Amino acid sequence: MALDAPVERRDEVQIAMGNGNGVAPSQPSRPAGRPTAAAAAAPYADRRLRLNPNADHKPEDYSDVRGEYAPAVYSALERHLPPSLIDADRDVKLHFMRDILARYWPQGERNKVQRHREYRQRILHLYKPLHEELYNMHPSVFFLPTFLEAVRSNTEECFRSIMTEPIPGVYSFAMLQPTFCEMLLEEVENFEKWVHAMKFKIMRPNTMNKYGAVLDDFGLEAMLNQFMEQFIAPISKVLYPEVGGGTLDSHHAFIVEYGKDRDVELGFHVDDSEVTLNVCLGKQFFGGELYFRGIRCENHVNSETQHEEMYDYTHIPGWAVLHHGRHRHGARATSSGLRINLLLWCRREMKKYQKDFPSWCGECQREKRERQSQCVKATKMAFLRGSGGAAI
């Protein structure tokens, strides 16, 4: 029995994956004489989206909408609708937004997402979980009491009380119960054995890792949504406000494996996320340190590293490291044993916070300081020349 995965998978495919169930939207009956959503939206076809969102507007609920885009996309995009359309019927707004999105998402990309959705649905239909309790959120089983107490308190002081911050923007803390780590490792191993026995092609986490698995592909999506929304977003709201840490609305969750007959190391890169959670699950290993080399925007991703930006993190099972998605990093070689980590790329569908010169980019900040320094020097020189001329 064979199951073909997409020929190619880009890291950003999850952005517009929808809910992954492949169910076509139902068509409600329409009273006689009532125009279709397409006809009602036609007068607005030439209207432009607002550059800045309407922060006071409360979007419609699109959780029941099935199709190519996640409900969060519509909710975020609705705030950008033109004033003449923002109070229209939901169906009219939905048709207008779908038309806008279709213009900017090529058919080829849409086909890839559709193939991945079908791939996932077939796995969900056939795969029998080993640990059913993993598929629903059980905080006291999953998380350590110290972590839960900090999240319940929901203050910066409490968050920082359980964390270390070795360099700005990188936080380490004890997070997961040993039993949860063991169950998740066993579940992944069971899934990989099942894939091999069924002769399925397994979808790898990204273009850099050749081993591991995407957790959402075999049923953990709903639990991991709660994981992000209830336990990561509250922390990110406080620690990463500059990238919208409090409004994370989608994720890409996966397992990576390093060691003999697995990936050995991981090259220098940035993540396709706003905030990244990286938790070591085990097992016994030596090496595999995570090295950080400064936060950079797209324009400066290959710029030099400053000495104060260098930091190496040593993995400990059950401990998490939380960092900005644009924080450049890599993984040193795992020289012996097997290291398995849980990665949760936390994202925002509408990245309205991005600017030409992000405040969080270390190189942008350095260039800004350099420009300010040069300006001050030029002003002093002009003043001195002016003063000298007056004395003569």
Side-chain angles (χ1 to χ4, degrees), residues 1-11 13-14 17-23 112-138 141-142 176-228 250-264 266 277-285 288 317-318 334 337-345:
M1 184 176 184
L3 176 62
D4 292 329
V7 176
E8 176 185 6
R9 182 191 184 278
R10 301 195 314 162
D11 288 345
V13 125
Q14 285 267 338
M17 191 166 289
N19 68 352
N21 63 10
V23 179
K112 287 179 185 178
V113 171
Q114 179 59 30
R115 290 200 300 272
H116 184 255
R117 182 183 293 117
E118 293 169 355
Y119 162 84
R120 178 181 291 183
Q121 279 303 109
R122 293 186 67 184
I123 288 177
L124 293 176
H125 178 68
L126 297 170
Y127 176 67
K128 181 175 176 55
L130 177 66
H131 294 293
E132 293 279 359
E133 57 269 41
L134 283 176
Y135 293 77
N136 293 289
M137 176 55 67
H138 302 288
V141 176
F142 293 0
L176 297 180
Q177 293 275 14
T179 51
F180 173 80
C181 295
E182 291 171 10
M183 284 194 297
L184 188 54
L185 287 171
E186 291 172 359
E187 190 68 43
V188 172
E189 184 178 357
N190 184 66
F191 174 68
E192 290 177 335
K193 288 180 178 178
W194 177 84
V195 166
H196 179 73
M198 298 294 286
K199 295 182 168 53
F200 281 11
K201 290 182 180 180
I202 190 169
M203 181 74 74
R204 296 307 179 185
N206 52 61
T207 56
M208 297 182 71
N209 288 99
K210 306 305 178 186
Y211 295 87
V214 179
L215 298 177
D216 294 342
D217 283 349
F218 56 97
L220 288 165
E221 182 178 20
M223 184 275 285
L224 290 165
N225 266 331
Q226 290 182 280
F227 193 116
M228 180 190 71
S250 68
H251 73 265
H252 175 47
F254 54 95
I255 293 293
V256 292
E257 303 173 4
Y258 293 91
K260 186 179 179 181
D261 299 325
R262 297 290 192 276
D263 289 317
V264 176
L266 191 64
L277 177 77
N278 186 338
V279 193
C280 182
L281 301 176
K283 303 181 178 178
Q284 299 293 323
F285 58 90
T334 299
L338 179 62
R339 176 172 69 84
I340 302 178
N341 282 49
L342 163 66
L343 274 294
L344 189 65
W345 286 358

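The figures that follow rest on heavy atoms only: side chains count, while hydrogens, waters and symmetry mates do not. Only a predicted model underlies this, so the values are computations on that prediction, with no experimental measurement involved.
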Check the pair L220, L184 against side-chain contact (heavy atoms from CB on, under 4.5 Å), reporting the backbone distance first and the verdict last. CA-CA 10 Å; L220 288 165; L184 188 54; 4.2 Å; yes
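- In this structure, D263 contributes its side chain and K210 its backbone to a donor-acceptor pair below 3.5 Å.
- The shortest heavy-atom contact between L344 and M228 is CD2-CB, 4.2 Å.
- L134 contributes atom CG, which lies 9.5 Å from atom CG of L215 (distance to the nearest 0.5 angstrom).
- Within the 4.5 Å cutoff, the side chain of H116 has heavy atoms near those of the R120 side chain.
- Within the 4.5 Å cutoff, side-chain heavy atoms of V188 are placed close to those of E257.
- The shortest side-chain heavy-atom distance between W194 and L126 falls under the 4.5 Å cut-off.
- Side-chain contact between H251 and F227: absent, with no pair of heavy atoms (C-beta onward) separated by less than 4.5 Å.
- To the nearest 0.5 Å, atom CD1 of residue I255 and atom CD of residue E189 are 12.5 Å apart.
- Distance check: F191 CZ to I123 CD1 gives 4.0 Å after rounding to the nearest 0.5 Å.
- Taking CD of Q121 as the start and CG of D217 as the end, the distance is 10.5 Å to the nearest 0.5 Å.
- When all heavy atoms of C181 and G318 are compared, the pair lying nearest together is SG-CA, 4.2 Å.
- Counting heavy atoms from C-beta on, the side chains of V256 and N278 never come closer than 4.5 Å.
- Summarising the geometry, atom CZ belonging to R262 is positioned 12.0 Å from atom OG1 belonging to T334; distances are rounded to the nearest 0.5 Å.
- In this structure a side-chain-to-backbone donor-acceptor pair under 3.5 Å is present from H252 to P205.
- Rounding to the nearest 0.5 Å places CG of L266 at 4.0 Å from CE of M208.
- Across all their heavy atoms, Y127 and E187 have their closest contact at OH-OE2, 2.6 Å.
- Contact between L224 and A253 at its shortest, heavy atoms only, is CD1-CB, 3.4 Å.
- Residues H131 and N190 have side chains that never bring a donor and an acceptor to within less than 3.5 angstrom of each other.
- The heavy-atom pair separating I202 from R204 by the smallest distance is CG2-CZ, 3.1 Å.
- Here the side chains of L185 and K283 are in contact, with some heavy-atom distance below 4.5 Å.
- A donor-acceptor pair is defined here as one N or O able to donate and one able to accept, closer than 3.5 Å; no such pair exists between the side chain of Y258 and the backbone of N341.
- Shown here for F142 and M223, the closest heavy-atom pair between the two residues is CE2-SD, 3.8 Å.
- Ring geometry for F218 versus Y135: interplanar angle over 60°, hence perpendicular rather than tilted (30 to 60°).
- The aromatic rings of F254 and W345 sit perpendicular to each other, their planes meeting at more than 60°, with 30° as the lower class boundary.
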